[in-house]
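All of these numbers come straight from a predicted model, not from anything done at the bench.
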Amino acid sequence: MRKIDKSKILSTVYKNWEEDLETNNRNHPNYDSNARFYKDVVMNLYHAQGGLCAYTEMKLIGEIGHCQESFWEKGKYNQAFPKHLGDVEHFDESLKANKGWLWDNLFMVLGRVNNQKGTKSVSNILKPDHQDYNPYDLLDYNFKEHIFFANAKNPNLSQEQLVEINRMIDVLGLNFVKGWRKEYLSERIKALEFGLEPDPVEQYMTAFAMARKNLNL
(Lines give C-alpha, C1' and ligand atoms only; values in the text may rest on other atoms or scores of the structure.)
Protein backbone atom coordinates (compact mmCIF):
# COMPACT_ATOMS: atom_id res chain seq x y z
CA MET A 1 0.00 0.00 0.00
CA ARG A 2 1.81 3.08 -1.25
CA LYS A 3 1.66 6.58 0.21
CA ILE A 4 -1.00 8.79 -1.38
CA ASP A 5 -0.76 12.55 -1.87
CA LYS A 6 -4.26 14.06 -1.90
CA SER A 7 -3.11 17.68 -1.82
CA LYS A 8 -3.82 18.44 -5.49
CA ILE A 9 -7.46 19.52 -5.66
CA LEU A 10 -9.02 19.58 -9.13
CA SER A 11 -12.62 19.44 -7.89
CA THR A 12 -12.37 22.90 -6.35
CA VAL A 13 -16.11 23.61 -6.27
CA TYR A 14 -16.61 20.57 -4.03
CA LYS A 15 -13.55 21.37 -1.90
CA ASN A 16 -14.60 24.98 -1.30
CA TRP A 17 -18.02 23.70 -0.21
CA GLU A 18 -16.45 21.10 2.10
CA GLU A 19 -14.08 23.64 3.63
CA ASP A 20 -16.96 26.05 4.27
CA LEU A 21 -18.80 23.31 6.17
CA GLU A 22 -15.70 22.60 8.24
CA THR A 23 -14.85 26.25 8.88
CA ASN A 24 -18.36 26.87 10.19
CA ASN A 25 -18.43 23.56 12.09
CA ARG A 26 -21.59 22.38 10.34
CA ASN A 27 -22.70 18.81 9.84
CA HIS A 28 -22.42 17.52 6.29
CA PRO A 29 -25.46 16.59 4.22
CA ASN A 30 -26.08 12.85 4.14
CA TYR A 31 -23.55 10.99 2.03
CA ASP A 32 -25.25 9.74 -1.15
CA SER A 33 -23.83 8.46 -4.45
CA ASN A 34 -26.46 10.57 -6.26
CA ALA A 35 -25.27 13.79 -4.62
CA ARG A 36 -24.05 16.67 -6.78
CA PHE A 37 -20.38 16.36 -5.84
CA TYR A 38 -20.11 12.57 -5.96
CA LYS A 39 -18.49 12.33 -9.42
CA ASP A 40 -16.12 15.20 -8.63
CA VAL A 41 -14.97 13.47 -5.45
CA VAL A 42 -14.56 10.07 -7.11
CA MET A 43 -12.54 11.35 -10.04
CA ASN A 44 -10.30 13.59 -7.93
CA LEU A 45 -9.56 10.59 -5.70
CA TYR A 46 -8.74 8.48 -8.75
CA HIS A 47 -6.44 11.25 -9.97
CA ALA A 48 -4.60 11.24 -6.62
CA GLN A 49 -4.42 7.43 -6.50
CA GLY A 50 -3.40 6.88 -10.11
CA GLY A 51 -6.57 4.87 -10.77
CA LEU A 52 -5.58 2.24 -8.17
CA CYS A 53 -7.28 0.98 -5.02
CA ALA A 54 -5.92 2.98 -2.10
CA TYR A 55 -5.33 -0.15 -0.02
CA THR A 56 -4.64 -3.07 -2.36
CA GLU A 57 -3.18 -1.13 -5.33
CA MET A 58 -5.40 -3.15 -7.68
CA LYS A 59 -6.23 -1.25 -10.87
CA LEU A 60 -9.81 0.05 -10.60
CA ILE A 61 -10.19 2.23 -13.67
CA GLY A 62 -9.36 0.98 -17.14
CA GLU A 63 -7.75 4.09 -18.58
CA ILE A 64 -5.91 6.51 -16.33
CA GLY A 65 -6.46 9.08 -19.08
CA HIS A 66 -9.97 9.56 -17.68
CA CYS A 67 -8.29 11.31 -14.75
CA GLN A 68 -6.27 13.85 -16.73
CA GLU A 69 -6.44 17.44 -15.51
CA SER A 70 -7.94 18.71 -18.77
CA PHE A 71 -11.15 16.83 -17.92
CA TRP A 72 -11.92 19.36 -15.18
CA GLU A 73 -13.53 22.67 -16.08
CA LYS A 74 -14.17 25.47 -13.61
CA GLY A 75 -13.50 23.15 -10.70
CA LYS A 76 -15.77 20.30 -11.79
CA TYR A 77 -15.19 17.04 -13.66
CA ASN A 78 -16.85 17.58 -17.05
CA GLN A 79 -16.75 14.11 -18.64
CA ALA A 80 -19.06 11.11 -18.49
CA PHE A 81 -18.43 8.74 -15.61
CA PRO A 82 -15.99 6.02 -16.79
CA LYS A 83 -16.48 2.37 -15.86
CA HIS A 84 -14.63 1.48 -12.67
CA LEU A 85 -14.54 -1.10 -9.90
CA GLY A 86 -14.27 1.18 -6.89
CA ASP A 87 -16.34 2.42 -3.98
CA VAL A 88 -15.85 5.61 -2.03
CA GLU A 89 -14.40 4.41 1.26
CA HIS A 90 -14.79 6.33 4.52
CA PHE A 91 -11.56 5.47 6.31
CA ASP A 92 -13.05 6.17 9.73
CA GLU A 93 -16.62 4.95 9.31
CA SER A 94 -17.72 6.71 12.51
CA LEU A 95 -17.33 10.06 10.72
CA LYS A 96 -19.69 9.14 7.90
CA ALA A 97 -22.92 10.17 9.67
CA ASN A 98 -21.99 13.83 10.23
CA LYS A 99 -18.82 14.28 8.14
CA GLY A 100 -19.62 12.11 5.14
CA TRP A 101 -17.93 14.42 2.61
CA LEU A 102 -14.72 15.07 4.56
CA TRP A 103 -11.91 14.94 2.00
CA ASP A 104 -9.33 13.78 4.53
CA ASN A 105 -11.43 10.68 5.29
CA LEU A 106 -12.13 9.50 1.73
CA PHE A 107 -10.41 7.01 -0.59
CA MET A 108 -11.36 4.92 -3.62
CA VAL A 109 -11.08 1.20 -2.91
CA LEU A 110 -12.15 -2.07 -4.47
CA GLY A 111 -15.85 -2.53 -3.75
CA ARG A 112 -15.44 -5.95 -2.12
CA VAL A 113 -12.69 -4.61 0.14
CA ASN A 114 -14.96 -1.76 1.20
CA ASN A 115 -17.77 -4.20 2.02
CA GLN A 116 -15.43 -6.41 4.04
CA LYS A 117 -14.06 -3.50 6.08
CA GLY A 118 -17.50 -2.29 7.11
CA THR A 119 -17.50 -0.44 10.44
CA LYS A 120 -14.31 -1.90 11.90
CA SER A 121 -12.26 0.49 14.03
CA VAL A 122 -9.18 2.05 12.48
CA SER A 123 -5.98 3.81 13.49
CA ASN A 124 -3.83 6.18 11.48
CA ILE A 125 -0.79 3.89 11.55
CA LEU A 126 -1.70 2.59 8.05
CA LYS A 127 -3.67 5.58 6.76
CA PRO A 128 -2.11 5.95 3.29
CA ASP A 129 -2.20 9.76 3.16
CA HIS A 130 -0.98 10.30 6.73
CA GLN A 131 2.16 12.42 6.95
CA ASP A 132 4.01 9.72 8.91
CA TYR A 133 3.01 6.79 6.72
CA ASN A 134 5.92 5.03 4.99
CA PRO A 135 5.15 1.53 3.65
CA TYR A 136 8.83 0.53 3.61
CA ASP A 137 9.16 1.28 7.34
CA LEU A 138 5.89 -0.35 8.39
CA LEU A 139 5.32 -3.25 6.00
CA ASP A 140 7.14 -6.27 4.65
CA TYR A 141 6.10 -8.64 1.86
CA ASN A 142 6.28 -12.41 1.44
CA PHE A 143 6.72 -12.84 -2.31
CA LYS A 144 6.09 -16.58 -2.15
CA GLU A 145 2.67 -16.31 -0.50
CA HIS A 146 2.07 -12.75 -1.79
CA ILE A 147 0.97 -11.31 1.53
CA PHE A 148 1.88 -8.18 3.47
CA PHE A 149 2.75 -8.32 7.16
CA ALA A 150 4.19 -5.96 9.77
CA ASN A 151 7.87 -5.15 9.35
CA ALA A 152 9.38 -6.87 12.39
CA LYS A 153 12.85 -6.07 11.02
CA ASN A 154 12.31 -2.38 11.85
CA PRO A 155 13.85 -1.85 15.32
CA ASN A 156 11.86 1.36 15.75
CA LEU A 157 8.53 -0.48 15.89
CA SER A 158 7.32 -1.73 19.26
CA GLN A 159 5.52 -5.02 19.72
CA GLU A 160 2.28 -3.10 20.22
CA GLN A 161 2.80 -1.27 16.92
CA LEU A 162 3.53 -4.53 15.09
CA VAL A 163 0.29 -6.02 16.42
CA GLU A 164 -1.64 -2.92 15.36
CA ILE A 165 -0.09 -2.92 11.89
CA ASN A 166 -1.10 -6.55 11.37
CA ARG A 167 -4.60 -5.75 12.60
CA MET A 168 -4.88 -2.86 10.17
CA ILE A 169 -3.57 -5.01 7.31
CA ASP A 170 -6.59 -7.23 7.94
CA VAL A 171 -9.02 -4.33 8.43
CA LEU A 172 -8.00 -2.59 5.20
CA GLY A 173 -7.87 -5.84 3.23
CA LEU A 174 -4.32 -5.49 1.94
CA ASN A 175 -4.17 -9.25 1.40
CA PHE A 176 -7.72 -9.63 0.08
CA VAL A 177 -6.33 -9.65 -3.47
CA LYS A 178 -3.41 -11.99 -2.81
CA GLY A 179 -4.58 -14.48 -5.46
CA TRP A 180 -4.91 -11.82 -8.15
CA ARG A 181 -1.67 -10.19 -7.00
CA LYS A 182 0.16 -13.52 -7.21
CA GLU A 183 -1.15 -14.17 -10.71
CA TYR A 184 -0.10 -10.70 -11.86
CA LEU A 185 3.35 -10.57 -10.22
CA SER A 186 4.62 -14.15 -10.33
CA GLU A 187 5.93 -14.06 -13.90
CA ARG A 188 7.46 -10.64 -13.34
CA ILE A 189 9.27 -11.88 -10.23
CA LYS A 190 10.50 -14.95 -12.14
CA ALA A 191 11.88 -12.62 -14.78
CA LEU A 192 13.85 -10.80 -12.08
CA GLU A 193 15.22 -14.06 -10.72
CA PHE A 194 16.46 -15.01 -14.21
CA GLY A 195 18.03 -11.61 -14.77
CA LEU A 196 15.43 -10.55 -17.34
CA GLU A 197 13.53 -7.29 -17.65
CA PRO A 198 9.97 -7.87 -16.37
CA ASP A 199 6.84 -6.60 -18.07
CA PRO A 200 5.76 -3.12 -16.91
CA VAL A 201 4.03 -3.09 -13.52
CA GLU A 202 0.82 -1.04 -13.58
CA GLN A 203 -0.67 -2.28 -10.29
CA TYR A 204 0.56 -3.78 -7.00
CA MET A 205 3.69 -1.59 -7.28
CA THR A 206 4.60 -1.66 -3.60
CA ALA A 207 4.40 -5.46 -3.44
CA PHE A 208 6.62 -5.73 -6.51
CA ALA A 209 9.15 -3.23 -5.14
CA MET A 210 9.34 -5.10 -1.84
CA ALA A 211 9.71 -8.46 -3.61
CA ARG A 212 12.53 -7.00 -5.65
CA LYS A 213 14.20 -5.64 -2.52
CA ASN A 214 13.89 -8.98 -0.71
CA LEU A 215 15.49 -10.70 -3.70
CA ASN A 216 18.30 -8.12 -3.66
CA LEU A 217 17.62 -7.41 -7.35
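Using a 4.0 Å cut-off between charged nitrogen and carboxylate oxygen, D140 and K153 count as a salt-bridge pair. By the 4.0 Å N-to-carboxylate-O rule, E193 lies too far from K190 to be salt-bridged with it. A salt bridge links E89 and K117; the closest N-O separation between the charged side-chain nitrogens and carboxylate oxygens is under 4.0 Å. Salt bridge D92/K99: absent, no basic N to carboxylate O contact under 4.0 Å. Using a 4.0 Å cut-off between charged nitrogen and carboxylate oxygen, K8 and E69 count as a salt-bridge pair.
The aromatic rings of Y14 and W17 are tilted relative to each other, their planes meeting at an angle between 30° and 60°.
Looking at N16 and D20, their side chains never bring a donor and an acceptor atom within 3.5 Å of each other. Defined by atom type and a distance below 3.5 Å, a donor-acceptor pair is missing between the side-chain atoms of Y204 and H146. In this structure, a donor-acceptor pair under 3.5 Å is present between the side chains of H28 and E22.
Between H66 and F81, the gap from one ring centroid to the other reaches at least 6.0 Å. Ring to ring, F37 and W101 are not that close: their centroids are 6.0 angstrom or more apart. Ring pair Y46/H84: centre-to-centre distance below 6.0 Å.
Within the 4.5 Å cutoff, side-chain heavy atoms of N142 are placed close to those of F149. With contacts defined as side-chain heavy-atom distances shorter than 4.5 Å, the pair N78/W72 does not qualify. Side-chain contact between I125 and Q161: present, with at least one pair of heavy atoms (C-beta onward) separated by less than 4.5 Å.
The cationic group of K127 does not satisfy the cation-pi geometry with Y133, failing either the under 6.0 Å distance to the six-membered ring centre or the 45° limit from the ring axis. In this structure, K6 forms a cation-pi arrangement with F107, its terminal cationic atom sitting closer than 6.0 Å to the ring centre and no more than 45° off the ring axis. Within the cation-pi definition used here (under 6.0 Å to the ring centroid, within 45° of the axis), R212 does not qualify as a partner of F208.
Here the shortest heavy-atom pairing between L162 and L157 reads CD2-CD1, 3.9 Å.
Heavy-atom contacts from other residues, nucleotides or ligands closer than 6.0 Å to CG of N30 number 12 or fewer. In this structure, K182 places its NZ atom where only 12 or fewer heavy-atom neighbours from other residues, nucleotides or ligands lie under 6.0 Å away. Atom NZ of K178 has 12 or fewer heavy atoms from other residues, nucleotides or ligands within 6.0 Å. Summarising the local packing, NZ of K120 is surrounded by more than 12 heavy atoms from other residues, nucleotides or ligands at distances under 6.0 Å. Heavy-atom neighbours of E183 CD from other residues, nucleotides or ligands within 6.0 Å: at or below the threshold of 12.
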Stepwise side chain to side chain contact (heavy atoms under 4.5 Å, CB included) check, K76 with S11: CA-CA 5 Å; K76 292 186 64 65; S11 299; over 6 Å; no
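Checking each of Y136, Y141, Y55 against F148 for a ring pair (Phe, Tyr, Trp, His ring centres under 6.0 Å) leaves exactly one that passes, namely Y141.
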